[in-house]
S.K.: 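Here's a structure for you.
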Amino acid sequence: MALLRKINQVLLFLLIVTLCVILYKKVHKGTVPKNDADDESETPEELEEEIPVVICAAAGRMGATMAAINSIYSNTDANILFYVVGLRNTLTRIRKWIEHSKLREINFKIVEFNPMVLKGKIRPDSSRPELLQPLNFVRFYLPLLIHQHEKVIYLDDDVIVQGDIQELYDTTLALGHAAAFSDDCDLPSAQDINRLVGLQNTYMGYLDYRKKAIKDLGISPSTCSFNPGVIVANMTEWKHQRITKQLEKWMQKNVEENLYSSSLGGGVATSPMLIVFHGKYSTINPLWHIRHLGWNPDARYSEHFLQEAKLLHWNGRHKPWDFPSVHNDLWESWFVPDPAGIFKLNHHS
């Protein structure tokens, strides 16, 4: 009897221990923090990377910015963080447009750009004064605005993204390159479009080769140019090479010597970048920057070609929210109405 009693006691003890272990596991499982649980279930490779996209929101063109954001967000499952850059007097309106529209679900930060950093660095230019707006130079100052990211995408506001932005973000930058751009000579159908609208696609179209400072660069005037309206940038290299300081140096030299102007290539922000990045940039897939849609209202791409394009850019005077313009139906399908009723479409003469 004594032996049987001992056996029963041992079995009872084991049963109690087993029940305690089961109860402990249930309670402990319910109290594990969600982030910790996620970390155990996903390897670092499986964790979703945040893709920073920088885009400006100028007062008179805010509708363009919102359409671009809408197209990016709607065509990807990637984790996008939008940095929407504006001047102080527009920040409240930017936030209202996002938070009171279909864009309320996006992940975004509003960044103020201080135009005082440009004081004394911009030469007055009467041919296209809109190109001298402060936000046109935000791309020069990316590391001052964005701090915690190694790789950043910058986009002009007059674009529509039809592909998955993850693909653009995955653009490979060669060792030592601070940025990737689209070459003006590798654009599909470029020759046909050039004949139609008389575009320049070489350095001669942007720099004044009569000036000694330009001649001394030793860059052939027939060198193919690139377009900085779409940039994939490496912030570490940008800071290491002091790209911003180099760009400012050429802006200052232009103020003093008039080395380039908007009457040449049509972009005062492009010329210093052509100088600083000459021979030191990687290339973006041409389909990720189909441009010149705003150059001439009589020049059109084929519908098949537009469907293949990953990103459309209405660079030039003829914007898709205004009249006259081409392929504005593609742009308008992404338009997000202004909750304040200020920005309106103008598609009629």
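Values below: every heavy atom of this structure, side chains too, minus hydrogens, waters and symmetry copies.
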S.K.: Looking at every heavy atom in both Ala213 and Trp250, which two are closest together, and how far apart are they?
M.R.: O-CH2, 4.1 Å
S.K.: Taking the side chain as every heavy atom from C-beta outward, state whether Met66 and Ile98 have any pair of such atoms under 4.5 Å apart.
M.R.: yes
S.K.: So, does Lys211 use its side chain to make a donor-acceptor pair with the main chain of Glu257 at under 3.5 Å?
M.R.: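 Yes.
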S.K.: Judged by atom type as modelled, is there a donor-acceptor pair below 3.5 Å linking the side chain of His240 to the main-chain atoms of Thr236?
M.R.: no
S.K.: Which residue pairs satisfy the salt bridge (Lys or Arg N to Asp or Glu O under 4.0 Å) criterion with at least one member in residues 158-179, sequence neighbours excluded?
M.R.: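 Passing the test, one end in residues 158-179: Arg61-Asp158, Asp158-Lys319, Glu167-Lys310.
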S.K.: Check Ala233 against Leu142 and note the closest heavy-atom contact, atom names and distance.
M.R.: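 Heavy-atom minimum between the residues: CB-CD1, 4.3 Å.
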S.K.: Are side-chain heavy atoms of Asn258 and Asp208 found at a separation under 4.5 Å?
M.R.: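 No. Closest side-chain heavy atoms not under 4.5 Å.
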S.K.: Let's go through Cys56 and Asp157 carefully: what are the C-alpha distance in whole Å and the side-chain angles of both, what is the deciding distance for side-chain contact (heavy atoms from CB on, under 4.5 Å) to 0.1 Å, and is it a yes or a no?
M.R.: CA-CA 6 Å; Cys56 296; Asp157 59 1; 5.6 Å; no
S.K.: Do Phe137 and Val255 land in one hydrophobic cluster if side-chain heavy atoms of ILVMFWY residues count as linked below 4.5 Å?
M.R.: no
S.K.: From the options Thr65, Leu311, Ile69, select the one residue that forms a side chain to side chain contact (heavy atoms under 4.5 Å, CB included) with Leu155.
M.R.: Leu311
S.K.: Do Trp288 and Val161 make a side-chain contact, defined as non-hydrogen atoms from C-beta onward lying under 4.5 Å apart?
M.R.: yes
S.K.: Once rounded to the nearest 0.5 Å, what's the spacing between atom CG of Asp183 and atom NE2 of His289?
M.R.: 11.5 Å
S.K.: Does the His177 side chain pair with the main chain of Ser282, one donor and one acceptor, at a distance under 3.5 Å?
M.R.: yes
S.K.: So do Asp338 and Arg93 actually touch side chain to side chain, heavy atoms under 4.5 Å?
M.R.: yes
S.K.: Apply side-chain hydrogen bond (donor to acceptor under 3.5 Å, both in side chains) to Gln148 and list each qualifying residue two or more places apart in sequence or on a separate chain.
M.R.: Tyr83
S.K.: Taking NZ, NE, NH1 and NH2 as the nitrogens, is one of them in Arg139 or Asp156 under 4.0 Å from a carboxylate oxygen of the other?
M.R.: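 Result for this pair is yes, salt bridge flagged.
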S.K.: Could you please spell out the steps behind the side-chain contact (heavy atoms from CB on, under 4.5 Å) verdict for Phe181 and Thr283?
M.R.: CA-CA 5 Å; Phe181 307 98; Thr283 54; over 6 Å; no
S.K.: Check Ser222 against Thr202 and note the closest heavy-atom contact, atom names and distance.
M.R.: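 Shortest heavy-atom contact: O-CG2, 3.6 Å.
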S.K.: Do Tyr206 and Asp184 come within less than 4.5 Å of each other through their side chains, counting heavy atoms only?
M.R.: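 A side-chain contact under 4.5 Å exists here.
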S.K.: Side chains of Asn107 and Phe82: does their closest heavy-atom pair fall under 4.5 Å?
M.R.: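 Asn107 vs Phe82: side chains apart.
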S.K.: Measuring centre to centre across the rings, with the benzene-like ring taken for any Trp, is Tyr281 within less than 6.0 Å of Phe277?
M.R.: no
S.K.: Short question: side chain of Tyr169, backbone of Pro52 - any donor-acceptor pair under 3.5 Å?
M.R.: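 Side chain of Tyr169 to backbone of Pro52, a donor-acceptor pair under 3.5 Å: no, none is there.
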S.K.: Say you draw a straight line from CD1 of Ile290 to CD1 of Ile160; how long is it, rounded to the nearest 0.5 Å?
M.R.: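 So the CD1 of Ile290 and the CD1 of Ile160 are separated by 14.5 Å.
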S.K.: Would a single hydrophobic cluster contain both Val85 and Val117, if residues Ile, Leu, Val, Met, Phe, Trp and Tyr are joined by side-chain heavy-atom contacts under 4.5 Å?
M.R.: yes
S.K.: Considering all heavy atoms of both residues, which atom of Ile94 and which atom of Gly86 are nearest to each other, and what is their separation?
M.R.: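 Smallest interatomic distance, heavy atoms only, reads CD1-CA, 4.1 Å.
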S.K.: Is it true that a side-chain atom of Gln246 and a backbone atom of Pro272 form a donor plus acceptor pair closer than 3.5 Å?
M.R.: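 A pair under 3.5 Å: no.
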S.K.: Test of understanding: with side-chain hydrogen bond (donor to acceptor under 3.5 Å, both in side chains), list the residues that count as partners of Asp216, not counting sequence neighbours.
M.R.: Lys212
S.K.: Rounded to the nearest 0.5 Å, what separation is found between the CD atom of Glu303 and the CG atom of Leu330?
M.R.: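 Rounded to the nearest 0.5 Å, the CD-CG separation comes out at 6.5 Å.
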S.K.: Donor-acceptor check, side chain of Asn315 to backbone of His292, threshold 3.5 angstrom: yes or no?
M.R.: yes
S.K.: To the nearest 0.5 Å, tell me how far Leu312 CG sits from Trp331 CH2.
M.R.: 13.0 Å
S.K.: If I take atom OG1 from residue Thr270 and atom CG from residue Asn227, how far apart are they, to the nearest 0.5 angstrom?
M.R.: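 Spacing of OG1 (Thr270) from CG (Asn227) equals 6.0 Å.
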S.K.: With salt bridge (Lys or Arg N to Asp or Glu O under 4.0 Å) as the rule and sequence neighbours excluded, what pairs involving residues 220-242 come up?
M.R.: none
S.K.: For Tyr260 versus Ser271, what's the shortest heavy-atom pair and its separation?
M.R.: CG-CB, 3.4 Å
S.K.: Evaluate the side-chain proximity of Ile219 to Tyr209: yes if any heavy-atom separation is below 4.5 Å, no if none is.
M.R.: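 A side-chain contact under 4.5 Å exists here.
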S.K.: Output all residues satisfying side-chain hydrogen bond (donor to acceptor under 3.5 Å, both in side chains) with Asn75, sequence neighbours left out; order by chain, then residue number.
M.R.: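 Here no residue qualifies.
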S.K.: Is there a side-chain contact (heavy atoms from CB on, under 4.5 Å) between Ile342 and Met62 once you walk through the steps?
M.R.: CA-CA 10 Å; Ile342 300 171; Met62 211 170 284; over 6 Å; no
S.K.: Do Lys102 side-chain atoms and Asn70 backbone N/O form a donor-acceptor pair below 3.5 Å?
M.R.: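 It does not hold such a pair.
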S.K.: If you apply the rule side-chain contact (heavy atoms from CB on, under 4.5 Å), what do you find for Leu87 with Leu135, and how did you get there?
M.R.: CA-CA 8 Å; Leu87 303 181; Leu135 295 180; 3.9 Å; yes
S.K.: Which salt bridge (Lys or Arg N to Asp or Glu O under 4.0 Å) pairs, counting each pair once, include a residue from residues 104-114, with sequence neighbours left out?
M.R.: Arg88-Glu112
S.K.: Strictly distance-based, threshold 3.5 Å: is any side-chain N or O of Asn328 a donor or acceptor partner for the main-chain N or O of Trp321?
M.R.: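 No; zero donor-acceptor contacts below 3.5 Å.
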S.K.: Give, for atom CD of Glu308 and atom OH of Tyr301, the distance between the pair rounded to the nearest 0.5 Å.
M.R.: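 Nearest 0.5 Å value for the CD-OH distance: 14.5 Å.
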S.K.: Can a side-chain donor-acceptor contact be found between Thr244 and Trp238 if the only test is distance below 3.5 angstrom?
M.R.: yes
S.K.: Can you tell me which residue among Leu168, Val152, Ile80 is in a side chain to side chain contact (heavy atoms under 4.5 Å, CB included) with Ile51?
M.R.: Ile80
S.K.: At their closest point, which heavy atom of Met251 faces which heavy atom of Ile122, and how far apart are they?
M.R.: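 Minimum heavy-atom contact is CE-CG1, 4.1 Å.
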S.K.: Taking the side chain as C-beta and beyond, is there a heavy-atom pair between Cys185 and Asn201 under 4.5 Å?
M.R.: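 Yes - at least one pair of side-chain heavy atoms lies under 4.5 Å apart.
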S.K.: In terms of hydrophobic clustering (I, L, V, M, F, W, Y; side-chain heavy atoms under 4.5 Å; direct or indirect links), are Leu247 and Ile146 co-clustered?
M.R.: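 The answer is yes; both residues are in one hydrophobic cluster.
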